[in-house]
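Any value given below was found using the heavy atoms of this structure, including those in side chains, with hydrogens, waters and symmetry copies removed. One is the number of the first residue; the rest follow in order along the sequence.
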Amino acid sequence: MQYDYLIVGAGTAGCVLAARLSEDEDATVCLIEAGGEADEPAISEPAMWPMLEGSDIDWAFKTVPQRHTANRIHDWARGFVVGGSSCINAMAHVRGHPSDFDGWAAAGCEGWGYADLMPYFIASETSPFAPSPYHGDQGPIRQMVPSDPHPLTRCFMAAAEEQGHVPTREHNGARMTGPTLNTLVIVDGKRQSVADAYLTPALSRANLTVRTGCLVDRLAFTGTRCSGLHLIVDGKPVHIEAREGVVLCAGVINSPAILMRSGIGSADELAKLGISTRVDLPGVGQNLQDHLLSGGNVYLSKDEVPFTQTQHSESLLYSSRNGDDKLAPEMVAACVVVPIATDAFDPPPFGEAYTLMFGFTHPRSRGAIRLRSADPTVAPDIDPNYLAEEYDREIYIEAMERTRAIGHSQAFADWRKEEFLPGVELNTRAEKLDFLQKAAFTHHHPVGTCRMGSDDEAVVDPALVVRGTEGLHVIDGSIIPQATTGPHNAAIVAMAERKSDLIRAQAPRTPFDPRTLS
Ligand SMILES: Cc1cc2nc3c(=O)[nH]c(=O)nc-3n(C[C@H](O)[C@H](O)[C@H](O)COP(=O)(O)OP(=O)(O)OC[C@H]3O[C@@H](n4cnc5c(N)ncnc54)[C@H](O)[C@@H]3O)c2cc1C
């Protein structure tokens with residue numbers, strides 16, 4: 001079997017690539033996915049997303065015990081289905097702060113600054129905020145803002161304002177900082193995955209093939225050129241060839257794992273597993289970083305809490321220490337209309353409590369993905385190294401204190417019966433940290449393990465080609481050099497759009513910064 005392009009992974013990035021590359025009728029494209037079709041009905045029900053964790057469409061990864069979170073093992077969900085993690089995520093559409101992308105560009109990722117990506121953010125969306133220089137109204141990703149917000153959502157935004165946070169119209173426009181309603185990827189009450197938005201409309205093209213149930217083991221090479229893939233299909237090895245190139249879109253855990261199984265990684269580490277080195281690239285799998293949330297600041301409610309009309313979390317508050325929106329906000333808080341706690345605590349029953357979740361946006365701790373075996377069915381070691389850096393611990397404590405102040409505000413007086421978690425005075429720094437170590441959980445935003453850059457440690461260059469190879473591209477959350485302020489789905493879509501232009505040798509869209517208009 002031979003195609004022009006092989007795309008590994010039908011997740012957020014893979015669906016965009018498959019749709020864009022197959023626009024060229026002369027190019028044959030095969031999209032290869034380990035999971036199955038997205039036929040689980042709960043995928044499209046926005047309120048059901050927490051139930052998808054641990055289900056058949058989740059890879060259900062686990063971290064190694066985390067030294068700085070009470071030696072707890074953290075569950076890491078990742079979509080194992082056409083649509084990937086966009087089928088199981090919380091549907092929040094947050095681009096990130098302009099300085100996130102400008103920081104990447106300044107660090108050697110030429111072409112990936114805010115102005116470079118803005119035309120792609122705009123082209124990828126149909127926004128309720130259009131017309132606006134910040135937004136588009138013709139793109140595949142259709143968004144909404146809750147029209148009848150949950151009563152606790154309204155309280156949260158009023159309480160944040162009471163605490164001095166100036167409201168903002170939306171998170172993806174002129175100012176990110178401040179309480180506002182979440183922009184959500186929900187259409188007519190149903191989740192719109194990136195597969196729904198990009199892949200489904202392209203499926204009738206004769207030059208596009210989607211193969212599900214195919215686990216990519218490793219890459220095939222002719223010299224330094226990546227020329228195909230070795231797959232496992234129904235337990236049997238299958239080889240498939242690429243004339244033009246292979247695009248890895250297998251996500252933050254599996255893209256580096258596939259590279260390492262193919263001999264691209266640290267020569268020393270590969271040798272320990274009996275894998276011969278093709279390219280000695282020690283950066284593969286390194287630079288793992290993730291946003292931590294906390295479950296949390298939980299309150300017992302005076303009245304029964306109504307069930308969500310969307311996905312339980314209709315508002316977000318990004319905030320910074322100095323209130324200056326020119327810099328990326330360091331903290332995030334959200335009002336979730338159900339009780340949320342880790343297994344270190346017994347949460348109150350549904351309907352009787354709500355949660356103010358909080359976290360920090362720019363972790364400095366770095367971890368790694370490491371292969372445990374050359375066998376593709378063995379999950380790698382996942383070590384995010386949570387809270388290893390002092391800055392992360394300090395900002396986490398600050399985020400908790402600021403969020404508790406919001407929770408104790410007058411605006412919540414009609415709902416707040418009592419604080420359930422932490423629920424007691426945490427006086428010393430050690431007490432606060434002890435609580436957070438037990439309450440920490442992932443915000444589901446790991447990135448960084450095939451970092452792009454121009455330096456020797458980078459895995460891909462700014463064209464997103466794996467260093468030391470030809471015809472081998474990576475585009476997914478793994479290439480992000482530093483986490484953005486928000487979740488990453490919107491940024492990965494925009495980056496995948498731009499990468500599609502690069503692969504097709506089309507000139508990238510003209511950079512545009514709407515801030516220069518005001
Ligand atoms: C529970 C949860 C909630 C989240 N909430 C939000 C949110 O509200 N907003 C937001 O912006 N982001 C959110 N995210 C994060 C966001 O969904 C991800 O950052 C994004 O989808 C990642 O895209 P990707 O292309 O990097 O990888 P993925 O979408 O994970 O795609 C990778 C694909 O590759 C396939 N694959 C992997 N290995 C192989 C292999 N060896 N062979 C074949 N196929 C393979 C996988 O099955 C998968 O389909 C959330 C994530 C989760 C899990």
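Side-chain N or O atoms of Asn287 include one that pairs as donor or acceptor with a backbone N or O of Pro481 at under 3.5 Å. A distance-only check finds no donor-acceptor pair linking the side chain of Tyr318 to the backbone of His97 [under 3.5 Å]. Of the possible donor and acceptor atoms, none in the side chain of Ser124 sits under 3.5 Å from a partner among the backbone N and O of Val493. Using a distance-only test at 3.5 Å, with no hydrogens or angles considered, no donor-acceptor pair links the side chain of Asn385 to the main chain of Ala388. Here the side chain of Ser478 pairs no donor or acceptor atom with the backbone of Val252 at under 3.5 angstrom.
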Q: Could you please spell out the steps behind the side chain to side chain contact (heavy atoms under 4.5 Å, CB included) verdict for Val337 and Phe307?
A: CA-CA 8 Å; Val337 301; Phe307 195 70; over 6 Å; no
Q: Take Lys62 and Asp75 through the side chain to side chain contact (heavy atoms under 4.5 Å, CB included) test and state the conclusion after the steps.
A: CA-CA 5 Å; Lys62 290 190 184 300; Asp75 290 322; 2.5 Å; yes
(Q) Determine whether Leu21 and Ile503 satisfy the following criterion, side chain to side chain contact (heavy atoms under 4.5 Å, CB included), listing intermediate values before the conclusion. (A) CA-CA 8 Å; Leu21 296 186; Ile503 292 181; 3.9 Å; yes
Q) Do Leu259 and Leu248 pass the side chain to side chain contact (heavy atoms under 4.5 Å, CB included) test, and can you show the C-alpha distance, the side-chain angles, and the key distance before you say yes or no? A) CA-CA 9 Å; Leu259 287 178; Leu248 274 186; 3.7 Å; yes
Q: Carefully, step by step, assess Phe345 and Phe435 under the rule ring pair (Phe, Tyr, Trp, His ring centres under 6.0 Å).
A: CA-CA 10 Å; Phe345 306 96; Phe435 171 73; 5.4 Å; yes
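Proximity of Val81 to Glu40: side-chain heavy atoms (C-beta onward) are nowhere separated by under 4.5 Å. In this structure, Phe221 and Ile264 have side chains that are in contact, with non-hydrogen atoms separated by less than 4.5 Å. Contact check for Gln66 versus Gln437: no side-chain heavy atoms found under the 4.5 Å cut-off. For the pair Glu470/Cys226, no side-chain contact is recorded, criterion being any heavy-atom separation below 4.5 Å from C-beta on. The side-chain heavy atoms of Arg78 and Ile253, taken from C-beta on, include a pair separated by under 4.5 Å. Between Val238 and Ile232 the shortest side-chain heavy-atom distance does not fall below 4.5 Å. Within the 4.5 Å cutoff, the side chain of Val332 has no heavy atoms near those of the Leu317 side chain. At least one side-chain heavy atom of Thr485 sits less than 4.5 Å from a side-chain heavy atom of His362.
The aromatic rings of Phe101 and Trp104 stand perpendicular to each other, their planes meeting at an angle above 60°, with 30° marking the opposite boundary.
Residues Gly83 and Ala195 come closest through the heavy atom pair CA-CB, 3.7 Å. Contact record, Pro487 with Thr484: O-OG1, 4.0 Å, taken as the closest heavy-atom pair. Between Leu208 and Ala18 the shortest heavy-atom distance is CD1-CB, 4.1 Å. Across every non-hydrogen atom of Met260 and Ile369, the tightest pair is CE-O, 3.5 Å. The shortest heavy-atom contact between Thr212 and Glu37 is CG2-OE2, 3.6 Å. Between Met452 and Asp461, the closest heavy-atom pair is CB-O, 4.2 Å.
Expressed to the nearest 0.5 Å, how far CD of Gln289 lies from CG of Asp392 amounts to 10.0 Å. Separation of atoms CD1 (Ile88) and CE (Met51) is listed at 13.5 Å; rounding is to 0.5 Å. Note that CG of Leu17 and CD1 of Ile7 are 5.0 Å apart. Values are rounded to the nearest 0.5 Å. Of the inter-residue distances, the one linking Leu421 atom CG with Leu356 atom CG reads 11.5 Å to the nearest 0.5 angstrom. With rounding to the nearest 0.5 angstrom, the OG1 atom of Thr310 is 8.0 Å from the CE atom of Met91. Atom SG of residue Cys15 and atom CD1 of residue Ile492 lie 12.0 Å apart, to the nearest 0.5 angstrom.
Annotation: Asp234, atom CG; neighbour count of heavy atoms from other residues, nucleotides and ligands within 6.0 Å does not exceed 12. Annotation for Arg67: atom CZ does not count as buried by contact number, only 12 or fewer foreign heavy atoms lying within 6.0 Å. Atom CZ of Arg142 sits in a sparse spot, with 12 or fewer heavy atoms from other residues, nucleotides or ligands closer than 6.0 Å.
Taking the side chain to side chain contact (heavy atoms under 4.5 Å, CB included) definition, one finds that Ala271 meets it with nothing, sequence neighbours left out. Partners of Asp434 by salt bridge (Lys or Arg N to Asp or Glu O under 4.0 Å), not counting sequence neighbours, listed by chain and number: Lys438. Under the salt bridge (Lys or Arg N to Asp or Glu O under 4.0 Å) criterion, Asp343 pairs with no residue, sequence neighbours left out. Evaluation of the salt bridge (Lys or Arg N to Asp or Glu O under 4.0 Å) rule for Asp456 yields Arg467 as partners, not counting sequence neighbours. Under the ring-ring contact (aromatic ring centres under 6.0 Å, His included) criterion, His74 pairs with Tyr386, sequence neighbours left out. With sequence neighbours left out, His488 forms a ring-ring contact (aromatic ring centres under 6.0 Å, His included) with His291, His445. Listed by chain and residue number, Arg20, Arg504 satisfy the side chain to side chain donor-acceptor pair (under 3.5 Å) test with Glu23 (two or more places apart in sequence, or in another chain). Under the salt bridge (Lys or Arg N to Asp or Glu O under 4.0 Å) criterion, Asp455 pairs with Arg451, not counting sequence neighbours.
A side-chain donor from one of Asp501 and Tyr120 sits under 3.5 Å from a side-chain acceptor of the other. Side-chain atoms of Asn207 and Thr28 form no donor-acceptor pair, as typed in the model, at a separation below 3.5 Å. Side chains of Gln143 and His93: a donor on one and an acceptor on the other come within 3.5 Å. Side-chain atoms of Ser255 and Asp476 include a donor-acceptor pair closer than 3.5 Å. Between the side chains of Asp290 and Thr442, at least one donor N or O sits under 3.5 Å from an acceptor N or O.
Applying the side chain to side chain donor-acceptor pair (under 3.5 Å) rule to pairs touching residues 80-89 yields Asn89-Arg191, sequence neighbours excluded. Each salt bridge (charged side-chain N to carboxylate O under 4.0 Å, His left out) pair with one or both residues in residues 266-283, not counting sequence neighbours, appears once here: Glu269-Lys272. Applying the salt bridge (charged side-chain N to carboxylate O under 4.0 Å, His left out) test to pairs two or more places apart or on separate chains, those with a residue in residues 241-267 are Asp4-Arg243, Asp217-Arg261. Residue pairs meeting the ring-ring contact (aromatic ring centres under 6.0 Å, His included) criterion with at least one partner in residues 232-264, sequence neighbours excluded, are His230-His239.
Ion pairing between a basic and an acidic side chain is recognised when a charged N comes within 4.0 Å of a carboxylate O; Arg498 and Asp116 show no such pairing.
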